[in-house]
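Some notes on the structure that comes next.
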Amino acid sequence: MNVSPEILPRLIQAVADTIEKNAEEVTQLDQAIGDGDHVVNLQRGIHALQAQSAEIAQTDWVGALQKIGMTLMSTVGGASGSLYGTLFVAMSKSLRDKPVDRQRFADAFAQGVESVKLRGRADAGEKTMLDVLIPAAQSLQKSAAASEGLKESLAEIVRTAEAGVEATRNMLATKGRASFLGERTLGHLDAGAKTAQLMISAIAEALASSAAPT
Amino acid sequence: MNVSPEILPRLIQAVADTIEKNAEEVTQLDQAIGDGDHVVNLQRGIHALQAQSAEIAQTDWVGALQKIGMTLMSTVGGASGSLYGTLFVAMSKSLRDKPVDRQRFADAFAQGVESVKLRGRADAGEKTMLDVLIPAAQSLQKSAAASEGLKESLAEIVRTAEAGVEATRNMLATKGRASFLGERTLGHLDAGAKTAQLMISAIAEALASSAAPT
Amino acid sequence: MKKFINVPDSLLEDSLKGFAKAHADIVELNLQPHFIKRLQPAKPGKVVLISGGGSGHEPLHSGFVGLGMLDAVCPGQIFTSPTPDQMLAAAQAVDQGAGVLFIVKNYAGDVMNFEIAAEMFEAPNATVLVNDDVSLPKTHSIGRRGVAGTLIVEKMVGAAAEAGADLAACKALGDRVNEATASIGVALTSCTVPALGKPTFELGENEMEMGVGIHGERGRETVPLQSASEIVEQLAHAIDEELNPQPGQSVLLHVNGFGGTPLIELHLLYQLAAQHWEKRGLKIARSLVGNFTTSLDMAGASLTLTMLDEELIRLWDAPVNTAALRWGC
Amino acid sequence: MKKFINVPDSLLEDSLKGFAKAHADIVELNLQPHFIKRLQPAKPGKVVLISGGGSGHEPLHSGFVGLGMLDAVCPGQIFTSPTPDQMLAAAQAVDQGAGVLFIVKNYAGDVMNFEIAAEMFEAPNATVLVNDDVSLPKTHSIGRRGVAGTLIVEKMVGAAAEAGADLAACKALGDRVNEATASIGVALTSCTVPALGKPTFELGENEMEMGVGIHGERGRETVPLQSASEIVEQLAHAIDEELNPQPGQSVLLHVNGFGGTPLIELHLLYQLAAQHWEKRGLKIARSLVGNFTTSLDMAGASLTLTMLDEELIRLWDAPVNTAALRWGC
Ligand SMILES: Nc1ncnc2c1ncn2[C@@H]1O[C@H](COP(=O)(O)OP(=O)(O)O)[C@@H](O)[C@H]1O
Ligand SMILES: Nc1ncnc2c1ncn2[C@@H]1O[C@H](COP(=O)(O)OP(=O)(O)O)[C@@H](O)[C@H]1O
Ligand SMILES: [Mg+2]
Ligand SMILES: [Mg+2]
Ligand SMILES: [Mg+2]
Ligand SMILES: [Mg+2]
């Protein structure tokens with residue numbers, strides 16, 4: 001990995017922008033089969049990250065990811081706060097005492113997603129953010145192993161995330177608040193899957209545009 | 001007065017019918033500048049009177065009016081319940097130990113209206129039922145004194161009551177619940193004046209149709 | 001109409017039965033005519049307190065029957081004053097020989113019906129008329145309405161009666177507390193009277209009614225919806241105009257919801273109101289926040305301020321054991 | 001949106017400040033992070049009880065902090081579970097060396113956040129998961145939700161802790177009360193989350209949501225609006241299916257309003273529910289009627305039944321001194 005945490009403020013901003021732009025749509029998703037607070041929750045966390053951007057940019061990946069995780073954990077709240085917090089804290093833990101490269105970063109992300117599965121007692125197919133995170137982790141692994149070009153690899157993860165969120169439409173929710181609605185969740189996208197996709201896509205696009213042409 | 005209390009069931013029915021027929025309109029009046037319960041209050045009393053119709057018909061005027069007054073007093077509630085209760089109880093009292101004739105009946109009604117004024121600490125021009133009751137009492141007195149034909153006299157009181165309720169439209173309410181709305185009461189008819197007029201008119205028409213042609 | 005109801009005609013009686021059963025350790029319901037009295041009668045020689053009024057304001061008044069507060073209440077139909085036979089029967093049932101104090105909110109219907117009952121009741125009695133609503137000028141043709149301050153009068157006089165005050169003292173105290181109390185409210189929505197099935201009035205999405213009573217009627221004027229801070233400033237201003245409290249004055253601050261306003265908003269209003277008066281040097285010695293004097297499902301709230309002295313604080317703190325207010329026992 | 005509010009962002013904190021000030025004789029507010037604790041700390045050696053969850057359910061849980069009930073609560077944003085740092089800070093602040101019992105309503109967010117806090121907290125602790133909502137099958141993928149029965153668990157375990165029960169006993173008691181409790185609710189309207197400014201869902205004038213939770217979400221199904229008697233029969237039936245109470249069984253009947261339903265309707269529901277169970281030979285030994293576990297301004301209500309024995313009755317009756325429940329002191 002040839003990017004340092006100095007890029008984080010730009011990525012945080014990209015995430016903030018995409019959530020802001022799609023806020024209305026995501027809120028409607030969470031109002032339809034949840035309680036409608038998902039965007040507001042996330043934005044509270046994103047604003048907290050923005051306030052710490054400079055600080056985060058000046059540490060190493062282990063410190064930065066830990067800080068991001070703990071900040072999300074203590075500001076977002078709800079189901080998504082504990083899960084995103086867990087994701088980043090686990091990624092930080094996984095990178096401890098190792099030089100950061102592309103494979104290790106893919107491993108760390110996979111490790112983070114595993115921790116989310118554990119914390120949420122959930123897996124793919126339950127109509128949650130995991131339906132985006134799990135395939136995204138696999139896509140990262142595949143392209144890291146194949147040493148694909150960065151741009152190609154980023155485009156691939158964007159496609160994967162989009163397919164992941166779309167797949168939640170016909171799933172029956174069995175985890176989280178939406179599960180209480182049973183059959184009534186059919187036909188709706190999951191809000192957490194949607195924001196996971198939006199954030200992954202925004203980060204990928206920001207990375208792609210900042211990377212040297214391959 | 002050549003009518004006995006035997007006519008009361010028919011009059012009570014006439015009153016019930018007119019209030020029923022105009023319920024929606026009166027409720028709108030009381031919702032506009034009051035609390036909307038006036039018709040429901042009155043109907044509670046009228047139903048109680050209907051249940052006692054037979055009994056009332058078998059007593060004398062003093063007993064009948066006393067019974068009507070006490071029944072209204074204990075079933076209607078609100079401002080109108082105490083006032084209508086007072087009206088009939090005072091009429092009963094005024095007829096005590098006297099033979100009932102037209103003049104005495106007109107006197108009794110006037111006495112009843114006086115008692116309503118006292119109980120309500122109100123007078124003509126304050127946008128209440130008194131704006132119908134006071135001119136109605138005067139009309140009764142006038143036609144009794146002039147010994148007008150019954151039909152003519154009844155027609156006159158109907159016209160008087162209608163003019164009375166219409167006059168409340170441009171009055172500022174200074175008594176009762178409507179007074180709290182101050183200027184906002186201008187342009188609205190008073191609900192209690194309206195039901196007083198409806199009842200007087202219904203009774204007059206029932207008496208007219210049951211009276212021998214003059 | 002979105003209500004839990006069978007038919008409007010039986011709502012009141014079934015609800016009274018439910019209230020009496022849920023609080024069977026404190027109250028007893030009389031059915032014909034309707035009144036609620038303490039399960040445990042007052043001691044002989046105690047002045048008894050009777051209040052009442054239209055229903056739809058719960059917990060006022062039924063929730064205030066019990067040791068240290070009211071001896072009996074007469075619930076009328078919804079927003080309709082009760083009838084004299086109720087008050088008479090209640091008075092006869094709870095009188096302990098030391099006199100009856102009627103606590104009446106100043107509305108034509110309540111005043112006249114209680115007056116008739118008082119005239120019929122053949123034992124010593126007196127009446128305290130509560131008229132704490134400062135949204136109307138003091139010179140209003142029939143005087144100001146009685147609103148959320150009523151429970152403060154009932155609580156303090158209740159404590160005095162329990163401690164042995166005689167009828168004249170109870171009456172004088174009631175008048176004094178009423179004088180020391182000012183309230184004003186604002187409605188964000190109307191309410192729906194069950195028998196009518198539709199809201200009493202319509203309000204635009206960006207409008208509110210300033211200076212409302214507690215019967216779901218319109219207030220003094222319809223004004224644009226404002227922020228909580230702006231609303232509190234206006235309400236507090238009207239109260240200050242009336243009571244003119246001086247720095248150092250101890251007060252009881254009561255934030256009352258009209259039934260449809262959640263506690264999270266009432267506590268926000270309390271916070272803003274407390275700031276207003278603390279900034280003016282007042283000491284908020286006692287507080288009460290909640291839906292106590294309601295208008296069915298109306299969204300809205302009122303502020304009430306009572307100027308306190310040592311005696312009134314002691315009376316407020318005295319033990320009370322009712323369905324809606326309970327402390328010290 | 002018809003609310004008393006300045007800006008949604010500051011509503012929670014200002015409201016918490018108002019709550020803490022209005023009840024300054026009972027509680028204290030910590031600002032960073034947010035938690036509310038008893039003003040008078042528990043005695044050393046007492047198991048401390050901590051609850052919490054999203055805000056918007058007031059008086060749950062903040063109104064239950066005080067002697068005989070909770071030691072601290074962590075309020076999250078509206079309908080959003082609180083965060084682990086709140087729970088950790090609260091636990092550290094109130095721990096008296098005998099262990100911390102977390103009382104958690106079964107929602108993914110609450111469960112995970114409390115779990116993280118429990119993992120971080122380096123002292124003895126246990127968790128009682130409340131899942132009393134029988135509108136969902138017992139086999140539901142993530143288990144049933146915790147709703148209005150939560151306060152009953154908090155009250156009874158609170159009394160036991162006050163009386164010196166140790167952590168294991170408190171945990172076992174909490175599980176037992178939870179097992180003995182069943183709730184189910186129905187919504188007549190949605191509610192409006194301040195940050196969103198519009199109702200979470202729309203319901204037709206003649207529709208209701210059967211089997212709702214307490215976060216303003218839709219329930220199991222939208223059904224035609226029915227009479228209060230029909231609604232009570234359905235709710236009671238679901239509870240009977242679960243608890244299968246036998247004639248002679250003593251129960252606590254709790255009728256809970258969701259915030260926008262007036263007491264007159266709640267007492268009607270209570271009357272109908274009491275009739276239902278008395279007809280089946282149950283003894284309604286204790287009752288609680290009011291807006292206790294709310295969903296902001298939602299109109300609706302739930303029934304909760306807890307099967308009682310001598311011990312549970314004693315724990316229910318034990319003194320409690322909180323903002324929302326107070327007796328015996
Ligand atoms: N157990 C779980 N495992 C994984 N993701 C979950 C789980 N529970 C909820 N989620 C995700 O969290 C999202 C909801 O987040 P949010 O609205 O912030 O929290 P809450 O559900 O507490 O209101 C859901 O859309 C879903 O994607
Ligand atoms: N002081 C009064 N004197 C005479 N009539 C009055 C007085 N107060 C009210 N009314 C009459 O009573 C009517 C209202 O009756 P009603 O709606 O039954 O009682 P309430 O005002 O208590 O709801 C008014 O429209 C008015 O005509
Ligand atoms: Mg949500
Ligand atoms: Mg009226
Ligand atoms: Mg009325
Ligand atoms: Mg939530």
Side-chain angles (χ1 to χ4, degrees), chain B residues 23-24 26-28 30-45 47-48 69-86 89 115-116 118-123 126-129 172-185 188 192, chain C residues 8-9 32-33 53-56 74 76-86 88-89 107-117 119-120 133 135-137 140-145 190-201 211-222 295:
Chain B
E24 186 59 26
V26 178
T27 292
Q28 271 167 24
D30 197 33
Q31 282 196 311
I33 58 171
D35 57 354
D37 59 350
H38 184 53
V39 162
V40 182
N41 292 348
L42 273 190
Q43 287 187 324
R44 210 167 31 246
H47 293 156
M70 290 312 287
T71 299
L72 294 177
M73 192 93 93
S74 65
T75 55
V76 177
S80 57
S82 53
L83 294 171
Y84 278 119
T86 297
V89 170
S115 297
V116 170
L118 279 175
R119 176 62 67 204
R121 296 182 188 76
D123 211 327
E126 303 202 81
K127 199 175 186 117
T128 72
M129 58 171 71
L172 204 68
T174 49
K175 288 287 147 65
R177 190 177 297 287
S179 72
F180 301 130
L181 292 185
E183 304 274 321
R184 293 179 106 173
T185 60
H188 297 276
Chain C
D9 274 0
Q32 277 178 339
S55 293
C74 306
Q77 293 291 326
I78 288 173
F79 293 168
T80 298
S81 87
T83 55
D85 54 315
Q86 294 176 254
L88 192 60
Y107 296 96
D110 296 71
V111 169
M112 294 189 287
N113 282 289
F114 269 99
E115 210 171 71
I116 294 170
E119 289 165 12
M120 291 162 89
D133 178 8
S135 73
L136 297 164
H140 181 73
S141 51
I142 57 168
R144 290 162 162 171
R145 296 177 281 220
S190 182
C191 61
T192 299
V193 175
L196 304 181
K198 56 174 204 279
T200 304
F201 60 85
V212 290
I214 54 172
H215 297 85
E217 334 89 309
R218 284 194 180 276
R220 289 298 286 180
E221 48 172 350
T222 308
S295 303

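A, B, ... follow the sequence lines: proteins, then strands. Residue 1 opens every chain. Small disclaimer: the values here were computed from a predicted structure and weren't measured.
Side-chain contact check for C:V111 versus B:R121: some heavy-atom pair is nearer than 4.5 Å. Counting heavy atoms from C-beta outward, B:T86 and C:M112 have side chains that stay 4.5 Å or more apart. Side-chain contact between C:I142 and B:F180: present, with at least one pair of heavy atoms (C-beta onward) separated by less than 4.5 Å. With a 4.5 Å cut-off on side-chain heavy atoms, B:M73 and C:I116 count as touching.
With sequence neighbours excluded, the residues satisfying side-chain contact (heavy atoms from CB on, under 4.5 Å) with B:T27 are B:Q31, B:V39, C:L196.
B:Q43 does not touch chain C: none of its heavy atoms, backbone or side chain, sits under 4.5 Å away. At a 4.5 Å heavy-atom cutoff, the contact between C:T222 and chain B is made by backbone and side-chain atoms alike. The contact between C:P199 and chain B is made entirely by backbone atoms, counting heavy-atom distances below 4.5 Å. Interface remark: B:I33 contributes no atoms to any contact with chain C (heavy atom separation under 4.5 Å). Contacts of C:F201 with chain B are absent, with no heavy-atom separation under 4.5 Å from either backbone or side chain. Both the backbone and the side chain of C:H215 come within less than 4.5 Å of a heavy atom of chain B.
Per-residue heavy-atom pair counts under 4.5 Å with chain B were compared for C:R144, C:Q86, C:R145, C:E221, and the maximum is reached by C:R145. Contacts with chain C were tallied for B:A173, B:A32, B:G78, B:A79; B:G78 has the most, counting heavy-atom pairs under 4.5 Å. Contacts with chain C were tallied for B:G120, B:G176, B:G85, B:A122; B:G176 has the most, counting heavy-atom pairs under 4.5 Å. Ranked by heavy-atom pairs shorter than 4.5 Å toward chain C, the options B:T75, B:V40, B:N41 are led by B:N41. In terms of non-hydrogen atom pairs under 4.5 Å with chain B, the most contact-rich of C:S190, C:G53, C:P84 is C:P84.
Closest heavy-atom contact between C:S141 and B:S179: OG-CB, 4.0 Å. Considering every non-hydrogen atom in both C:N113 and B:G77, the closest pair reads ND2-C, 4.4 Å. Scanning all heavy atoms of the two residues, the minimum distance from C:T200 to B:G34 falls at CG2-O, 4.4 Å.
Taking 4.0 Å as the cut-off between side-chain N and carboxylate O, B:R184 and C:E217 do not count as a salt-bridged pair.
Between the OG1 atom in B:T174 and the NE2 atom in C:H140 there is a gap of 8.0 Å [rounded to 0.5 Å].
Annotation: salt bridge (charged side-chain N to carboxylate O under 4.0 Å, His left out) contacts involving residues 34-43 of chain B, sequence neighbours excluded, comprise B:D35-B:R177.
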